[in-house]
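Here's the structure, in structure tokens; my notes come after.
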2 protein chains.
Amino acid sequence: MAGSDLFVGTLDVLILKAVSWGPIHGYGIGRWIRQTTRDALQVQEGALYPALHRLERKGLLEEEWGVSETGREAKYYRLTTAGRGELRAAVTRWRDYAHAVTLALDTTGR
Amino acid sequence: MAGSDLFVGTLDVLILKAVSWGPIHGYGIGRWIRQTTRDALQVQEGALYPALHRLERKGLLEEEWGVSETGREAKYYRLTTAGRGELRAAVTRWRDYAHAVTLALDTTGR
DNA sequence: TCGTATACCTTGTTCACTTAGGTATTCGCG
DNA sequence: CGCGAATACCTAAGTGAACAAGGTATACGA
């Protein structure tokens, strides 16, 4: 995942979020993650493409070939109904988890 | 780690944090994590003990046999100087990472 | 005495991510 | 025109943390 090997498991929710505003291709998803996190998160392609196929197999994403902004062939992804539900659930899970970890790291005594 | 397979990679920093107030044994660390996160995070023993050995091999923790509050044999862990430095660094990494993910999940458009 | 909590451990498996490649097209620059 | 960089896709091998599922042993209360 990140440039300095960080926390496994957040890639899926980030992908679902990136796709939530309508069709976007894989390469664009990688760019979106990098940009919106101001280079804090960097997705390796070797993690990105397998993740997309995984999410498609799970029925959370649908794919369709199209033409990118630069006039090139690109595979566009879009959320299924299940994908939209999973996005909501995953965001909630992330918030709960992040809150719990922060709670622990913020305690000032045993 | 958590009850419903969550984000890998945060166990180490939580352990370092638990140990930061002085000697504590492995079982107590597991209990501390569960309690301070109000059951949100549940550490499996199959993850906890290997993690402790890993951190010890890395020179971040030191171990010593002692006697627990209940009068039983227990292995107590304590931070090394390197461990204290790594704790600080890891907490910063976590905050940066959590902030970046939250940033992405909070955006309302592409 | 019998279950529960405490306290430690390992072995096998799974699976996300890293590393490290590969193909092909388009575009800008010298 | 040539050539590197960016775009856009992909996979195979290896790593390593966490999970699942066991195991040992002691202390304590019912």
Which whole-number value in Å describes the distance from [X] [atom1] to [N] [atom2]?
{"X": "Y49(A)", "N": "dA13(D)", "atom1": "OH", "atom2": "P", "answer": "21 Å"}
{"X": "L41(A)", "N": "dC17(C)", "atom1": "CG", "atom2": "P", "answer": "11 Å"}
{"X": "Q44(A)", "N": "dA13(D)", "atom1": "CD", "atom2": "C1'", "answer": "16 Å"}
{"X": "L52(B)", "N": "dA17(D)", "atom1": "CG", "atom2": "C1'", "answer": "14 Å"}
{"X": "E63(A)", "N": "dA8(D)", "atom1": "CD", "atom2": "C1'", "answer": "14 Å"}
{"X": "Y77(B)", "N": "dC8(C)", "atom1": "OH", "atom2": "P", "answer": "7 Å"}
{"X": "D12(B)", "N": "dA17(D)", "atom1": "CG", "atom2": "P", "answer": "7 Å"}
{"X": "W65(B)", "N": "dT26(D)", "atom1": "CH2", "atom2": "P", "answer": "13 Å"}

[X] side-chain proximity, nearest of [options]:
{"X": "H25(B)", "options": "dA17(D), dC8(C), dA16(C)", "result": "dC8(C)"}
{"X": "Y27(A)", "options": "dC17(C), dA7(C), dA6(D)", "result": "dA6(D)"}
{"X": "K75(B)", "options": "dA7(C), dC8(C), dA8(D)", "result": "dC8(C)"}
{"X": "A74(B)", "options": "dC9(D), dA18(D), dA7(C)", "result": "dA7(C)"}

Query raised in the report: Got a salt bridge between D106(B) and K17(A), using NZ or NE/NH1/NH2 to carboxylate O under 4.0 Å?
Result: no
Query - Under the salt bridge (charged side-chain N to carboxylate O under 4.0 Å, His left out) test, residues paired with R78(A) that sit two or more places apart - result: E62(A), E64(A)
Query - Results of salt bridge (charged side-chain N to carboxylate O under 4.0 Å, His left out) for R110(B) - residues two or more places apart only - result: none
**Report entry** Atom pair OG1/CG of T10(A) and L41(A) - distance to nearest 0.5 Å
**Finding:** 6.5 Å
Under 4.0 Å between a side-chain N/O of [X] and OP1 or OP2 of [N], yes or no?
{"X": "H53(A)", "N": "dC9(D)", "answer": "no"}
{"X": "R31(A)", "N": "dA8(D)", "answer": "yes"}
{"X": "T70(A)", "N": "dT26(C)", "answer": "no"}
{"X": "R54(A)", "N": "dC17(C)", "answer": "yes"}

Query raised in the report: Does any N or O donor sit under 3.5 Å from an N or O acceptor when you compare the side chain of E73(B) with the base of dC8(C)?
Result: no
**Report entry** Side-chain donor-acceptor contact under 3.5 Å, E73(A) with H25(A)
**Finding:** no
**Report entry** First encountered from the 5' end of DNA chain C, between L48(A) and E45(B)
**Finding:** E45(B)
Requested in this report: Give one of base, sugar-phosphate or nothing for G26(B), where a contact means two heavy atoms less than 4.0 Å apart.
Outcome: sugar-phosphate
